[in-house]
Amino acid sequence: DPDVILLDQPMQAYFAELADVTHPDHDFYRGFQRFMAAHNATLLGVIEDATYGRIAVYQLEDRVTPSELLPEGTTP
C-alpha cells in the first residue's frame, strides 16, 4: 500500500466531475472516497507548481481491512 497519494489538478477536476451522482462513473468516485476514508487520508499540504499546477498531497494510514473497501451492502 502507498504511504501518500498525490492528486494533480486534472485528477482533482476529474473527481469533482465524478462527485455528481448523475455522472455515469459516480461509483468510481464513491470507491475512491471509501479508499481514502478507510486509510484515514490526511491532507498534508498543497504544492503550487508552474509545470503541474496544484498538487494535493495526502498521507495514508495502513489500517485498512479488505472489507472496508467493498461497496456498501456487499460482503466478501
Side-chain angles (χ1 to χ4, degrees):
D1 285 343
D3 294 325
V4 296
I5 287 187
L6 307 177
L7 290 180
D8 64 4
Q9 213 162 358
M11 281 305 293
Q12 292 174 53
Y14 176 64
F15 281 120
E17 286 180 31
L18 295 183
D20 181 348
V21 296
T22 63
H23 194 286
D25 292 329
H26 180 70
D27 285 342
F28 180 67
Y29 170 80
R30 290 181 57 208
F32 180 72
Q33 291 302 311
R34 277 193 304 275
F35 174 87
M36 296 295 273
H39 285 84
N40 198 30
T42 304
L43 180 64
L44 294 179
V46 176
I47 300 166
E48 296 287 347
D49 183 78
T51 301
Y52 299 105
R54 176 174 286 195
I55 302 169
V57 182
Y58 291 89
Q59 183 174 19
L60 305 178
E61 292 181 9
D62 190 20
R63 62 171 191 84
V64 68
T65 60
S67 62
E68 289 181 274
L69 298 176
L70 293 174
E72 294 175 25
T74 60
T75 57

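Residue numbers run from 1 in the order of the sequence given. Note that the coordinates shown come from a computational prediction; the quantities given were computed from them, not determined experimentally.
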>> Set out, in order, the CA-CA distance, both residues' side-chain angles and the distance that settles side-chain contact (heavy atoms from CB on, under 4.5 Å) for Phe15 and Phe28, then state yes or no.
In response: CA-CA 9 Å; Phe15 281 120; Phe28 180 67; 3.7 Å; yes
> What's the verdict on side-chain contact (heavy atoms from CB on, under 4.5 Å) for Val57 and Val46, showing C-alpha distance, side-chain angles and the deciding distance?
Replying inline: CA-CA 6 Å; Val57 182; Val46 176; over 6 Å; no
>> Side-chain heavy atoms nearer than 4.5 Å, only ILVMFWY residues, links allowed to pass through others: does that put Leu6 and Met36 together?
In response: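 No, separate clusters.
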>> Grouping I, L, V, M, F, W and Y whenever their side-chain heavy atoms are under 4.5 Å apart, do Tyr52 and Ile47 come out in a common cluster?
In response: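 Yes, it is one cluster - the side chains of Tyr52 and Ile47 are joined through contacts under 4.5 Å.
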Is [X] reaching over with its side chain to a backbone N or O of [Y], donor-acceptor style, under 3.5 angstrom?
X: His26; Y: Leu18; value: yes
X: Gln59; Y: Leu44; value: no
X: His39; Y: Ala41; value: no
X: Thr51; Y: Asp49; value: no

> Are any non-hydrogen side-chain atoms of His23 and Tyr29 less than 4.5 angstrom apart?
Replying inline: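 Sidechains of Tyr29 and His23: no contact.
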> With a 4.5 Å heavy-atom cut-off, do Leu60 and Ile5 have their side chains touching?
Replying inline: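 Answer yes - side chains close enough.
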>> Working to the nearest 0.5 angstrom, can you tell me the gap between Leu7 CG and Tyr58 OH?
In response: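 Here the rounded value is 6.0 Å.
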> Nearest heavy-atom pair of Ala56 and Leu43: which atoms, and what distance?
Replying inline: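 So the two residues come closest at CB-CD1, 4.0 Å.
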>> I'd like to know whether Asp8 forms a side-chain contact (heavy atoms from CB on, under 4.5 Å) with Tyr14, so could you lay out the CA-CA distance, the side-chain angles of the two residues, the decisive distance to 0.1 Å, and finally the verdict.
In response: CA-CA 10 Å; Asp8 64 4; Tyr14 176 64; over 6 Å; no
> Would you call the rings of Phe32 and Phe35 parallel, tilted or perpendicular, where under 30° means parallel and over 60° means perpendicular?
Replying inline: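 The rings of Phe32 and Phe35 lie parallel, inter-plane angle below 30°.
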>> Under the criterion side-chain contact (heavy atoms from CB on, under 4.5 Å), I'd like the reasoning laid out for Ile55 against Gln12: C-alpha separation, chi angles, the key distance, then a yes or no.
In response: CA-CA 9 Å; Ile55 302 169; Gln12 292 174 53; 5.5 Å; no
